[in-house]
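Structure, as structure tokens:
Computed from a predicted structure; not experimentally measured. Residue numbering restarts at 1 for every chain, and letters A, B, ... go by the order of the sequence lines.
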Number of protein chains: 2
Amino acid sequence: MTHQTVRDWDRALVPTGAGRTAAPDPACPVEAALEAVRGRWTTLVIRELLHGPRGYREFRRTLPALSDKVLTERLAQLTALGLAERVETSGFPTRVVYRLTARGEALRPLMTELYRTGTELLTTPAR
Amino acid sequence: MTHQTVRDWDRALVPTGAGRTAAPDPACPVEAALEAVRGRWTTLVIRELLHGPRGYREFRRTLPALSDKVLTERLAQLTALGLAERVETSGFPTRVVYRLTARGEALRPLMTELYRTGTELLTTPAR
DNA sequence: CCGCATCCGATTGGATACTG
DNA sequence: CAGTATCCAATCGGATGCGG
């Protein structure tokens, strides 16, 4: 067996070179995924969007303690990442909704896994 | 069909009451999972630990840009959450290693999923 | 109805120097 | 070797007030 730059355990855990970073790097898949759910309230906003399109005031209703500023920031963040989009209906009165893009739907398995892992952590005592 | 407090989509996405929070809450599984991977360099330290036990200087070698301060913080954080443990061998010279606990091993599927989702996000164009 | 602008206190993490 | 301690700049997020 010849020398290999990539060891077996390395391949299993980080299949591509992008995962073997020596420092935080936006090109690392793990960083990219975390970027999408980063910040307080972000996963809550995503959860709402996973339930379906939502108007601004619907967020304010289901997440009462979320301020205008942070909500605006989160929607801008998700929009900038191409995970959600702002849709303005052409009727009257004009209605604005935010909805997940196909890209945003890619977060569903991650959210499920976060939920599953978190449940495991919460149910198994730390010590 | 009678009225239900919990709708079907709700059950699928957030199986238990803990997932239907109206604000950020440590008791929410998603928050609990994110707490474990929170902070710059954290997933990199976890990745190293998923490869096996590591000494302090091994971290400094494989993650050269990681400062003493943050490394210490991350190891303390993971230890406090019961995800890693500090093991001091009784031989001479004394050797110190950090290794994942059984609880910490629970993060492996999450790391894999973060990697998978991130790869999907990086390979599908935002627009 | 759907936000944006500003202020400000708290948290974060990098740089640097020091210790058992 | 295996960390601590201190300082500081940047980021984050809550409160409040304004605007199309």
Side-chain angles (χ1 to χ4, degrees), chain A residues 21-26 28 30-31 34-46 48-49 52-81 84-99, chain B residues 21-26 28 30-31 34-46 48-49 52-81 84-99:
Chain A
T21 59
D25 180 351
C28 169
V30 174
E31 300 284 324
L34 285 175
E35 181 65 22
V37 295
R38 182 179 162 187
R40 202 157 133 89
W41 294 98
T42 305
T43 55
L44 261 20
V45 170
I46 292 172
E48 290 306 305
L49 289 172
R54 289 289 184 270
Y56 193 88
R57 131 203 76 115
E58 294 181 90
F59 287 110
R60 303 310 318 280
R61 185 167 43 77
T62 51
L63 305 171
L66 172 55
S67 72
D68 278 331
K69 185 207 172 198
V70 176
L71 175 54
T72 302
E73 274 176 10
R74 292 301 168 255
L75 293 172
Q77 166 189 345
L78 294 172
T79 302
L81 292 173
E85 58 187 352
R86 186 182 192 272
V87 183
E88 197 163 337
T89 66
S90 49
F92 178 81
T94 317
R95 173 153 168 78
V96 177
V97 292
Y98 291 86
R99 68 172 171 206
Chain B
T21 58
D25 180 350
C28 169
V30 173
E31 301 284 324
L34 285 175
E35 181 65 20
V37 296
R38 179 179 163 188
R40 202 156 135 86
W41 294 97
T42 305
T43 55
L44 260 20
V45 171
I46 292 173
E48 290 308 304
L49 289 172
R54 289 289 183 271
Y56 193 88
R57 126 205 79 119
E58 295 181 89
F59 286 110
R60 302 312 316 280
R61 185 169 43 77
T62 51
L63 305 172
L66 172 55
S67 71
D68 278 330
K69 185 207 172 196
V70 175
L71 174 54
T72 302
E73 276 177 9
R74 292 300 168 256
L75 293 173
Q77 164 190 345
L78 293 172
T79 302
L81 292 173
E85 58 187 352
R86 185 182 192 273
V87 182
E88 197 163 337
T89 67
S90 49
F92 178 81
T94 317
R95 175 153 166 77
V96 177
V97 292
Y98 291 85
R99 68 171 171 205

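The side-chain contact (heavy atoms from CB on, under 4.5 Å) search around B:E85 returns B:V87, B:R99, B:T101, not counting sequence neighbours. For A:R95, the side-chain hydrogen bond (donor to acceptor under 3.5 Å, both in side chains) test picks out A:E58, with sequence neighbours left out. Applying the side-chain contact (heavy atoms from CB on, under 4.5 Å) test to A:S67 and every residue at least two apart in sequence or in another chain returns A:K69, A:V70. Applying the side-chain hydrogen bond (donor to acceptor under 3.5 Å, both in side chains) test to B:E31 and every residue at least two apart in sequence or in another chain returns nothing. Remark: B:R60 pairs with B:D68 by the salt bridge (charged side-chain N to carboxylate O under 4.0 Å, His left out) rule, at least two apart or across chains. In terms of the side-chain hydrogen bond (donor to acceptor under 3.5 Å, both in side chains) criterion, A:T21 has no residue partners (sequence neighbours excluded). Applying the side-chain hydrogen bond (donor to acceptor under 3.5 Å, both in side chains) test to A:D25 and every residue at least two apart in sequence or in another chain returns nothing.
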Name each donor-acceptor pair under 3.5 Å that joins a side chain in residues 39-46 of chain B to protein atoms two or more places apart or in another chain, with its distance.
residue	atom	partner	partner atom	Å
B:T42	OG1	B:R38	O	2.7
B:T42	OG1	B:G39	O	2.9
B:T42	OG1	B:R74	NE	3.0

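Note on B:Y98: only backbone sugar-phosphate atoms sit closer than 4.0 angstrom, heavy atoms only; bases stay farther off. Across all strands, B:S67 comes closer than 4.0 Å to no nucleic acid atom at all (heavy-atom distances).
An end-to-end axis angle of 50° holds for the helix from C:dC1-D:dG20 to C:dG20-D:dC1, taken from five base pairs per end and rounded to 10°.
Proximity of B:Y56 to B:V96: side-chain heavy atoms (C-beta onward) are nowhere separated by under 4.5 Å.
Against DNA chain D, the stretch residues 37-46 of chain B makes no heavy-atom approach under 4.0 Å.
The span of DNA chain D lying next to chain B, judged by atoms under 4.0 Å from heavy atoms, is bounded 5' to 3' by D:dC1 to D:dT6. With a cutoff of under 4.0 Å to any heavy atom of chain A, the contacted region of DNA chain C is bounded 5' to 3' by C:dC2 to C:dT6.
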